[in-house]
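Working notes, beginning with the structure itself.
Since the model is a prediction, treat every value here as computed from it, not as a measurement.
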Amino acid sequence: MERVMDVMEKLAEGIEEQRSISPDMILGNIGMLLECNDEYHYGKEEDILLPFLEEIGKNEIKESIQSYIAQYRENGKLLATIVDSVDDHSSGDMDATIRIMENIREFVRNVRPIYLNEDEEIFRPLKKDLTKEEMDRLAEKFQDFDYDWDGPTLNNYQKLVREMELKASYTVW
């Protein structure tokens, strides 16, 4: 996700320098965030981890993780504003273009620290408070989720991110 954040920063930089940024580039990046981060990454936590923690009675950890996820979710409105502004941006509306740039920058500024704190906020408490058997059960549930996931595989995801990085570099430089 760090690489997707870097692409978003490149897009904002290109907009600021008044370069032509295609709506497809903006929407593709946001689509990547929504699918891989919202549906996959946080989907695992909301659909598997939180119910599992409730099942085993680890409500304090569950509440802490819910609070952490809520920090990310609060920034979804910024992505929605970007998507809502894309049509006007493609029609040459400078106010919409500025809104896109500002919302991209705010999203990255708000969300990057959340990604960087994930180990501290989620994984460290799990390793500290769950037994080996509970961790094994959780790992099995995550493996089942991965097996059933119909989104991009890790290799496809990495390829898509690399393509976005290249397109953003060509656009901005």
dist Leu49:CG -> Lys58:NZ (nearest 0.5 Å) comes out at 12.5 Å
Heavy-atom closest pair (Ile104 atom, Glu9 atom, distance to 0.1 Å) is CG2-N, 4.5 Å
When Ile100, Ile30, Asn103 are each screened for side-chain contact (heavy atoms from CB on, under 4.5 Å) with Val83, the one that passes is Ile30
What pairs of donor and acceptor atoms, side-chain ones from residues 62-71 against any protein atom, are under 3.5 angstrom apart with sequence neighbours left out?
{"unit_1": "Lys62", "atom_1": "NZ", "unit_2": "Glu54", "atom_2": "OE1", "d": "2.7"}
{"unit_1": "Tyr68", "atom_1": "OH", "unit_2": "Ile114", "atom_2": "O", "d": "2.3"}
{"unit_1": "Tyr68", "atom_1": "OH", "unit_2": "Glu118", "atom_2": "N", "d": "3.4"}

Tell me whether the rings of Phe107 and Tyr72 are parallel (<30°), tilted (30 to 60°) or perpendicular (>60°).
perpendicular
Answer yes or no: is there a donor N or O on one side and an acceptor on the other, between the side chain of Glu134 and the main chain of Thr131, under 3.5 Å?
-> yes
From the list Glu16, Met101, Met25, Arg105, side-chain contact (heavy atoms from CB on, under 4.5 Å) partner of Leu11 resolves to Met25
Carboxylate-amine/guanidinium contact Asp95 Arg99, below 4.0 Å: no
CG (Leu50) and CG (Asn59) are apart, to the nearest 0.5 Å, by 10.5 Å
The reported gap from CG in Leu130 to CD1 in Ile56 (rounded to nearest 0.5 angstrom) is 4.0 Å
In this structure, CD of Glu45 is separated from CZ of Phe142 (nearest 0.5 Å) by 6.5 Å
Apart from Ile98 itself, members of its ILVMFWY cluster (side-chain separation under 4.5 Å) are Met94
Just by modelled atom types, is the Phe145 backbone N or O under 3.5 Å from a matching donor or acceptor in the Lys44 side chain? no
task = State plainly whether the residues Lys141 and Asp47 are in salt-bridge range, i.e. N to O under 4.0 Å.
result = no
